Amino acid sequence: MPTPWPRRAFLVTTGTSALALAAPATVAHATPSGGPARAADAYAELRAKWRTLVLGEGFSPTAEPFKSRLTELGATAGQLRTTMAPATGSLWPDASYADPEPDTDQESFGYSANIVTSYTRLATMAQAYSQQGTGLTGDAALKSAVLTGLDHVYTQVYNERQARFGNWWSWQIGAPQALLDVCVLMYDALSADRISRYCAAVDHFVPDSAVAQYTGTSTGANRVDLCRVLALRGVVGANAAKIALARDALSPVFPYVTSGDGLYVDGSFIQHTTVPYTGSYGSVLLGGLGLLFALLDGSQWEVTDGGKQIVFDAVEKAWAPFLYNGLIMDCVAGRALSRGVTASDAKKVQADDHLRGHPILASIALLGQGASAAENARWRGLVKGWMRRDYYSPPLKNPQLGLAHLARLKAVEDDTAVAPVPEPTGHRLFTNMARATHRRPGWAASISMADSRITYYETGNGENLRGWHTGSGLLAWWGDSYANGQYSDAFWPTVDPYRLPGITASRKVLADGAGGDWGAARPDVSWVGGATDGQRAVLGQHLKGLQSTLSARKAWFCLDDAIVCLGAGISCADGVAVETTVENRNLGPDGRAPFQADGVTKPTTTPWSQRLTGAKWAHIGGHGGYVFPGGATVEARREQRTGKWSDINKGGSTTPLTRTYLTLYVDHGTDPTDGTYAYMLLPGASAARTAERAAATGWLRVLANSGARQGISVPSLGFTGVTFWAAGTAGALTASAACAVLIGERSDGTAVVCVSDPTRAARAGLTVTWNRPVAAVTAKPATVTSATTGTSLKLTFGDLSPTRGATQRVTVRLA
């Protein structure tokens, strides 16, 4: 059956309604002004530049890590040459593109993907021919095999007479990108007739109309990919108009958007309309723009649109907050988090948060070449810092990283003028994609939510089949020098998908892919978001379960060394248990990390479980601590879980994997009517510090924990935070309508009051009153229409809907 969104073959994604096919196009040979010689020079310069961008530069083929990688490239190309067997319907026996029933169903997707596979293998062979040190550099037999392969695929399937079948992405992005890369690398061996035929095929599948409208499959990262095809088609076919079109068609990618795909002013990045995708599609967008900016720089087609500064700004605004020790957080990877080890018998390909993060580091290094000197220097420092700290998966040993990216990262590593920049700290709230990151010295965390605009999760093309609850308050976290493989080491195929850390979920059994493909399912809720002062935050999520009657209010208070988690109003009528997972720590294959509760060491044997009644605190050795204010009944278990990547991704390996988990969860019982929970996460804390925090009963004051309000105060920090789900009072704060409020009192006699309307429904008249003497308001945004001081502070806000849930910050002087 037809599918409504794009699939990419390697960062694999799948596509919406097919674009209209253009009539077979003839190859134009427009030239830039200045005569044939100057025109030829212009295209030759671009071909040379693209060769460098594809092959890399500035590295020695006899030095590691390049020597072994080049040897491997040569061996792979040699094997591909040996096994290549042109036949009707295939170039390699294991990659048939002869679809017996060509349409757009799942089976046809596989056949169209094999066109991409064929061209990608030819590109590998062309790189081995062009690269130094492969053992096949300039090899005549390899060259002949590449040309034979190009002609065969053109004659058989990728030509101007062929109708599309399967996945649109294969025809418009995957296949032409690989084909055009080969054309550039093998240009001197290609006749004019071959170039003309290959360009005609590209024109047929990627006509100018593919970028005529910024909609459908031509937005965000897909648009950048299409522009790359058009630009390279122009370079190979000496067509100035195509290159100009590619340059100009990038412009719609740059501006901030307020809905749908693209970059938002708060740093959010969305693809597929409802999916936070900074770490997957965002990687494609960043890498593609870096390549195109570098290709066209200094030419008559240089990208001069001032909007590209938005992309430069996004490096630190959109990407950096989700990069930690070289990994890119899974909360913005969409269904890519299910792409672990593939089922390919030829070569196992693996992906995880670290391996996905490394290309982004290299793309930032490349993008910096076109940015200001200050930006470039700062980004190289960030990249070097991320590389140096990635002890779990060193980027220069990443087997999936291409030689060009490897060379870019090695250049940063070897640049003695670049000092590694420490991990940035602070809180970032991405209201437009229901995500937040909290970064402190020594650790970082992310929180994933869902609302009427942002999907529970994305499945599609047989991927991420059990990601149902990843938007139900998933709280992931990493330490600076520990647990960086927490979600990399076979976490997603082995974890209990109903017990992801931080979530509240019904145990109702869900079918694989429940809710529909491509982020179709979204909860009918609006109160999702919060307020932040840039260091601390108040977050809330009105949770409604996927295909469930579950409803709950969840709140997080992100502090200096802890995250306080509250839940209330938990109700459900599914006829099964409802649970809140405090933690579900991946302890690796052996799982021997010590665990204790209230000072009592528990067994390290597996399986083990115990109900901890009246628990005040718990601790996992080498990870961190958990405090339960006032005591709680918590279920604890150590268990081994076995799963396969193919369980969550149809293209995944069928090899069983086993990991040991230490799980803490609150059992709210079957069909709860008003369940609650309260706990504090202390990443990296020792057992002694955890016990000390639990004993300090006055450190944390829970002001409210109900379906109407949730709030806390920490007097020693001068912190007060409340999620007002409706009008009411909590502690010294009163609100006239739903909102989030954070107050930070400072030692200098001032305070900051942060207010937001996560519902985006406060047209005017929201009032927030702080029952605390205030002498004066020293700074306020235009949204504050009235501010009264004295024995208390009363703030009245105008229409907050245009702020899109962003924090409104008011500074006051205390009396």
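All values derive from a computational prediction rather than experimental measurement.
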Checklist line | Aromatic ring proximity Phe430/Phe322, centre distance under 6.0 Å | finding: yes
Check: How are the rings of His354 and Tyr392 set to each other: parallel, tilted or perpendicular (split at 30° and 60°)?
Finding: tilted
Margin query: Measuring from atom CD of Glu579 to atom OG1 of Thr504, what distance do you get when rounded to the nearest 0.5 angstrom?
Written below: 10.0 Å
Next item on the list: Find out whether Trp556 and Met449 are in side-chain contact, i.e. whether some heavy atom of one side chain is under 4.5 Å from a heavy atom of the other.
Entry: yes
Next item on the list: Kindly write out the residues that satisfy side-chain hydrogen bond (donor to acceptor under 3.5 Å, both in side chains) with Thr258, not counting sequence neighbours, or none if the list is empty.
Entry: none
Margin query: What I want to check is whether the side chains of Arg335 and Tyr277 have a donor and an acceptor closer together than 3.5 Å.
Written below: yes
Item checked: Minimum side-chain heavy-atom gap Lys317-Arg428 below 4.5 Å -> yes
Checklist line | All side-chain hydrogen bond (donor to acceptor under 3.5 Å, both in side chains) counterparts of Thr431, not counting sequence neighbours | finding: Asp266
Note to self: Can you confirm whether the side chains of Trp477 and Glu583 place a donor and an acceptor under 3.5 Å from each other?
What the structure shows: yes
Check: Under 4.0 Å between a Lys/Arg side-chain N and an Asp/Glu carboxylate O for Arg356 and Asp353?
Finding: no
Next item on the list: Would you please name every residue forming a ring pair (Phe, Tyr, Trp, His ring centres under 6.0 Å) with Trp527, sequence neighbours left out?
Entry: Trp725
Note to self: For a quick check under 3.5 Å, do Thr219 and Asp261 share a side-chain donor-acceptor pair by atom type?
What the structure shows: yes
Next item on the list: Give every residue pair that meets the ring pair (Phe, Tyr, Trp, His ring centres under 6.0 Å) criterion with at least one member in residues 436-455, sequence neighbours excluded.
Entry: His427-His438, His438-Trp443
Check: Just checking, any donor-acceptor pair under 3.5 angstrom between side chains of Asn586 and Gln486?
Finding: no
Next item on the list: With sequence neighbours excluded, tell me which residues meet side-chain contact (heavy atoms from CB on, under 4.5 Å) with Ser801.
Entry: Arg763, Asp799
Notebook entry, point to check: Going by atom types alone, do Glu458 and Gln271 pair a side-chain donor with an acceptor below 3.5 Å?
Noted result: no
Item checked: Side-chain H-bond candidate by donor/acceptor type, Asp390 with His358, under 3.5 Å -> yes
Margin query: If we count only N and O atoms by modelled type, under 3.5 Å, do the side chains of Trp492 and Asp330 hold a donor and an acceptor together?
Written below: yes
Checklist line | Results of salt bridge (charged side-chain N to carboxylate O under 4.0 Å, His left out) for Arg641 - residues two or more places apart only | finding: none
Next item on the list: Find out whether Gln106 and Lys650 are in side-chain contact, i.e. whether some heavy atom of one side chain is under 4.5 Å from a heavy atom of the other.
Entry: no
Note to self: If I take atom CZ from residue Arg223 and atom OG1 from residue Thr217, how far apart are they, to the nearest 0.5 angstrom?
What the structure shows: 9.5 Å
Next item on the list: Indicate yes or no: at least one non-hydrogen side-chain atom of Asp352 is less than 4.5 angstrom from one of Tyr487.
Entry: no
Next item on the list: For residues Leu474 and Cys331, determine if any side-chain heavy atom of one lies less than 4.5 Å from a side-chain heavy atom of the other.
Entry: no
Note to self: Run the side-chain hydrogen bond (donor to acceptor under 3.5 Å, both in side chains) test against Asp757 and tell me which residues pass, sequence neighbours left out.
What the structure shows: Thr759
Notebook entry, point to check: Does some side-chain heavy atom of Arg809 sit less than 4.5 Å from a side-chain heavy atom of Cys754?
Noted result: yes
Notebook entry, point to check: Does any N or O in the side chain of Thr532 come within less than 3.5 Å of the main-chain N or O of Ala537, such that one atom is a donor and the other an acceptor?
Noted result: no
Item checked: Partner set under side-chain contact (heavy atoms from CB on, under 4.5 Å) for Asn376, not counting sequence neighbours -> Arg380
Note to self: Could you check whether any side-chain N or O of Tyr677 sits under 3.5 Å from a backbone N or O of Val582, counting only pairs where one atom can act as donor and the other as acceptor?
What the structure shows: no
Next item on the list: With sequence neighbours excluded, tell me which residues meet side-chain contact (heavy atoms from CB on, under 4.5 Å) with Arg389.
Entry: Asn325, Trp386, Glu423
Next item on the list: Identify, with sequence neighbours excluded, every residue that meets ring pair (Phe, Tyr, Trp, His ring centres under 6.0 Å) alongside Tyr324.
Entry: none
Checklist line | Counterpart residues, side-chain hydrogen bond (donor to acceptor under 3.5 Å, both in side chains), relative to Ser526 (two or more places apart) | finding: none
Checklist line | Any side-chain heavy-atom pair of Trp478 and Ser446 under 4.5 Å | finding: yes
Margin query: For the residue pair Tyr661 / Thr494, report whether a side-chain donor-acceptor contact shorter than 3.5 Å exists.
Written below: yes
Next item on the list: Would you please name every residue forming a salt bridge (charged side-chain N to carboxylate O under 4.0 Å, His left out) with Arg760, sequence neighbours left out?
Entry: none
Next item on the list: Over 60° means perpendicular and under 30° means parallel, so classify the ring planes of Trp379 and Phe312, tilted if in between.
Entry: tilted
Checklist line | salt bridge (charged side-chain N to carboxylate O under 4.0 Å, His left out) evaluation trace for Asp225 with Arg228 | finding: CA-CA 5 Å; Asp225 273 344; Arg228 170 175 162 176; 5.4 Å; no
Note to self: Within the 4.5 Å heavy-atom criterion, are Leu500 and Asn584 side-chain neighbours or not?
What the structure shows: no
